[in-house]
Novice: 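Here it is, the structure, as structure tokens.
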Amino acid sequence: MSEQTKEQETKSIELPSNMTVRDLAELMDASPIDVIKTLMSNGVMANINQLIDYDTAAIVASEMGYEASLETVDQLEAEDVGEVPMWRRLIASEDKASLKPRPPVVTILGHVDHGKTTLLDAIRQTSVVSEEAGGITQHIGAYQAKHKDRLITFLDTPGHAAFTAMRSRGAQGADLVVLVVAADDGVMPQTKEALAHAKAAKVPIVVAMNKVDLPSANPDLVKQQLADNGLIPDEWDGDTIVVPVSAKQKTGLEDLLEGILLVADSTEILANPDGEVIGTVIEAERDPSRGVVATLLVQNGTLKQGDTLVVGMAYGKMRAMFDFVGNPIEAVGPATPTSVLGLKEVPTAGDPFRVVESEKEARAIVAEREEKAKENKAKSASPLTLESMFDAFHAGELRELRLILKADVQGSLEPILSSLEEMSATDKEGEIGVNVLFTGTGNISENDITLASASRAIVMGFNVEADNAARRLAETEGVSIRLYDIIYRMTEDVEKALKGMLEPEIRERTIGKAEVRAIFKISRYGKIAGCRVIEGEIQRNAIMRVIRNGEQIHEGPISSLKHEKDDVREVREGFECGINLKEFDAIQEGDILEAFVREKVAIS
């Protein structure tokens, strides 16, 4: 065996998820003819420009003396189903020596009237890094402020709805959250929702107690409410920094920025400016004159003008880049926002992006994603329910049972939470834990469903209803709602679900009724009931009850359903049909046939 062959046997090679035969040959420094011959010997007929997938390429590489592995970003992207965003795992895989500090990325959340916008404006006017762009500041959804010569990046998003959209796609970009609470109003329902979103995203929280200048301000009451919701102020020996501010009077802003940097310094906020380029879309739109304009947050590596991006189902070459005040730039590093032109389609806020070698590779990746999206749509993955949760846990799709609890009054929540805490306390390693993300009183709303969808949680209600808008959204998003009027049944169901013993609740739903108007005898089928559908519809796969003189005399499946001479799947109200019942031949004129289906209950 030659020295060259020995050297080849020890070589490793990283391959992308898709590549042409020519690309594979170049990566292995081999002849395209040899690659084609190896493909043919494995039953694959390919020309030099044909696209092949990673699995096929890996077989060829193995036979030609290489040990293949999937490129780092592709591998992370393929596995991006957990709670840790892809970009964070990419940074964790980087060489420690190459990591450098970067600005912390901050999102401001809070109740609608508590001064988020005023606070953002105050920070922008007093501390924003100013670079003139014709005297006009261009707002692009993110900006940077400076404190003690250190940069802080703020994501200027419209509240926790946008934050949810980003987090639900596994690409949440914030390192910490500033929760704005008004000193005269305290913790409100939307404050609790924002807090639940931040906790679910597992990011540190700094509280900005706004409006402390008002005569009606009650800071001590607000701190007590914060403590009741798990945010114990640092001056009470807790670990939550609470900073009194007045956005209107522009006081306390320096202290807030100082608090943000203190929290940032307690965690490792690092990136490799020379590493793989990856980041998140903050917002995007189609401008009539400039085409697609996207605001991006680079999270690792350095994005340069001329780079080719892939983001979701969109791709394109960066024709122009601008900083957050509108100045043209040529490159941007980690934790820095930029507005770019060049994408061919409008990406979705929260989608992760990455840089690839060429538009050809980008097209191949997008084509593969589109194909996978079609397959996933065809499979129509079933929503998470209490019944399916145990199997999802053991399949590695779920780490804990996440719940959102709503009750009629606060007094009802306490015994429920107490029971659930007892269950959590007895959890052992390898078993499912319970994580109550959010509790509240009143009916289940769309906001509850939005949080559940982003967090893959189940919504449970005690003595409450789900409003129609919430039910529609739950059906669209695949969120399970369970309603109870007895506390022990709720906690019992959770306990059974944790042990994998909860059987799905089956409910019967009547879908239609028909009246028998004539009987026909056919030697092949026996008696055929000539019917008219008087309510709803009759479906071929339904179960049929035969009602005679107000009493049920039979229940069983339909053997055949015909309209005129054709076999049909359903017949609607007002039409006539012929029905043959399986294993029942005693049907008579005047009988009422009641069609129903049995289905698992997802929404009670």
Side-chain angles (χ1 to χ4, degrees), residues 367 370-388 391 466 468-483 503-604:
E370 287 173 345
E371 191 61 36
K372 282 184 179 176
K374 287 179 185 175
E375 289 175 8
N376 291 338
K377 190 174 181 182
K379 288 177 185 174
S380 60
S382 57
L384 180 69
T385 63
L386 273 186
E387 294 83 9
S388 66
D391 292 334
N468 290 332
R471 287 177 179 271
R472 285 194 297 269
L473 185 60
E475 190 173 343
T476 303
E477 296 293 329
V479 172
S480 174
I481 301 175
R482 299 182 70 96
L483 304 178
E503 293 294 326
E505 184 182 345
I506 304 297
R507 182 171 293 175
E508 292 183 357
R509 179 169 62 90
T510 301
I511 59 172
K513 292 181 181 179
E515 182 183 2
V516 180
R517 297 195 168 182
I519 301 294
F520 306 97
K521 288 186 178 179
I522 300 177
S523 56
R524 276 183 64 191
Y525 296 101
K527 285 185 178 181
I528 302 292
C531 305
R532 185 174 184 83
V533 182
I534 56 176
E535 186 179 310
E537 64 181 21
I538 306 298
Q539 295 178 0
R540 169 69 181 79
N541 61 351
I543 304 168
M544 195 71 83
R545 292 191 186 96
V546 181
I547 311 294
R548 184 177 298 162
N549 299 324
E551 292 184 5
Q552 179 179 320
I553 62 170
H554 173 74
E555 180 182 300
I558 297 172
S559 179
S560 69
L561 178 65
K562 291 180 179 287
H563 175 61
E564 295 179 347
K565 294 183 179 180
D566 299 321
D567 286 310
V568 292
R569 296 176 63 182
E570 60 185 40
V571 181
R572 295 181 180 177
E573 183 177 342
F575 290 89
E576 294 183 342
C577 60
I579 299 174
N580 176 241
L581 300 179
K582 198 171 184 179
E583 298 177 356
F584 185 72
D585 210 32
I587 200 161
Q588 296 179 5
E589 286 184 29
D591 287 347
I592 299 296
L593 305 183
E594 188 176 272
F596 69 94
V597 292
R598 293 190 176 105
E599 50 194 14
K600 293 180 182 179
V601 179
I603 300 179
S604 301

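For the numbers below, each heavy atom of this structure counts, side chains included, while hydrogens, waters and symmetry mates do not.
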Novice: When rounded to the nearest 0.5 angstrom, what is the spacing between CG in Asp566 and SG in Cys577?
Specialist: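 Result: 13.0 Å between the selected atoms.
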
Novice: Could you report the tightest heavy-atom contact between Val571 and His563, atom names first, then the distance?
Specialist: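 Smallest heavy-atom distance, with atoms named: CG2-CB, 4.4 Å.
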
Novice: Rounded at 0.5 Å granularity, tell me how far NZ in Lys527 sits from CG in Leu581.
Specialist: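 Nearest 0.5 Å value for the NZ-CG distance: 11.5 Å.
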
Novice: Taking C-beta and beyond as the side chain, do Cys531 and Leu593 meet within less than 4.5 Å on heavy atoms?
Specialist: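 Touching, per the 4.5 Å side-chain cut-off.
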
Novice: Residues in ring-ring contact (aromatic ring centres under 6.0 Å, His included) with Phe584, at least two apart?
Specialist: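 Checked Phe584 against ring-ring contact (aromatic ring centres under 6.0 Å, His included); matches are His554.
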
Novice: Could you state the interatomic distance from CZ (Arg569) to CD1 (Ile538), rounded to the nearest 0.5 Å?
Specialist: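 Answer for the CZ-CD1 pair, Arg569 versus Ile538, is 15.5 Å.
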
Novice: Partners of Arg517 by side chain to side chain contact (heavy atoms under 4.5 Å, CB included), sequence neighbours excluded?
Specialist: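 Arg517: side chain to side chain contact (heavy atoms under 4.5 Å, CB included) contacts with Glu515, Arg532.
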
Novice: For the residue pair Arg471 and Ala466, what are the closest heavy atoms and their distance?
Specialist: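 Looks like NE-O, 3.2 Å.
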
Novice: Taking C-beta and beyond as the side chain, do Val533 and Arg572 meet within less than 4.5 Å on heavy atoms?
Specialist: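 No, side chains not in contact.
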
Novice: Which residue pairs pass the side-chain hydrogen bond (donor to acceptor under 3.5 Å, both in side chains) test when at least one of the two sits in residues 574-589, sequence neighbours left out?
Specialist: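 For residues 574-589: Ser559-Asn580.
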
Novice: Answer yes or no: are there more than 12 heavy-atom neighbours, outside Asp567 itself, under 6.0 Å from its atom CG?
Specialist: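 Yes, enclosed.
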
Novice: Working to the nearest 0.5 angstrom, can you tell me the gap between Ile587 CD1 and Arg548 CZ?
Specialist: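 CZ of Arg548 is found 8.0 Å from CD1 of Ile587.
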
Novice: Do you know which two heavy atoms are closest between Leu561 and Arg540, and how far apart they sit?
Specialist: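 For Leu561 and Arg540, the tightest heavy-atom pair comes out as CD2-N, 3.8 Å.
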
Novice: Nearest 0.5 Å, what's the NZ-CD1 distance between Lys562 and Ile528?
Specialist: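 The NZ atom of Lys562 sits 8.0 Å away from the CD1 atom of Ile528.
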
Novice: Atom CD1 in Ile511, atom CG in Asn541: separation rounded to 0.5 Å?
Specialist: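 Here the interatomic distance stands at 7.0 Å.
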
Novice: Which atom names give the shortest non-hydrogen contact between Ile543 and Glu555, and what distance separates them?
Specialist: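 Closest approach of Ile543 to Glu555, heavy atoms only: CG2-CG, 3.9 Å.
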
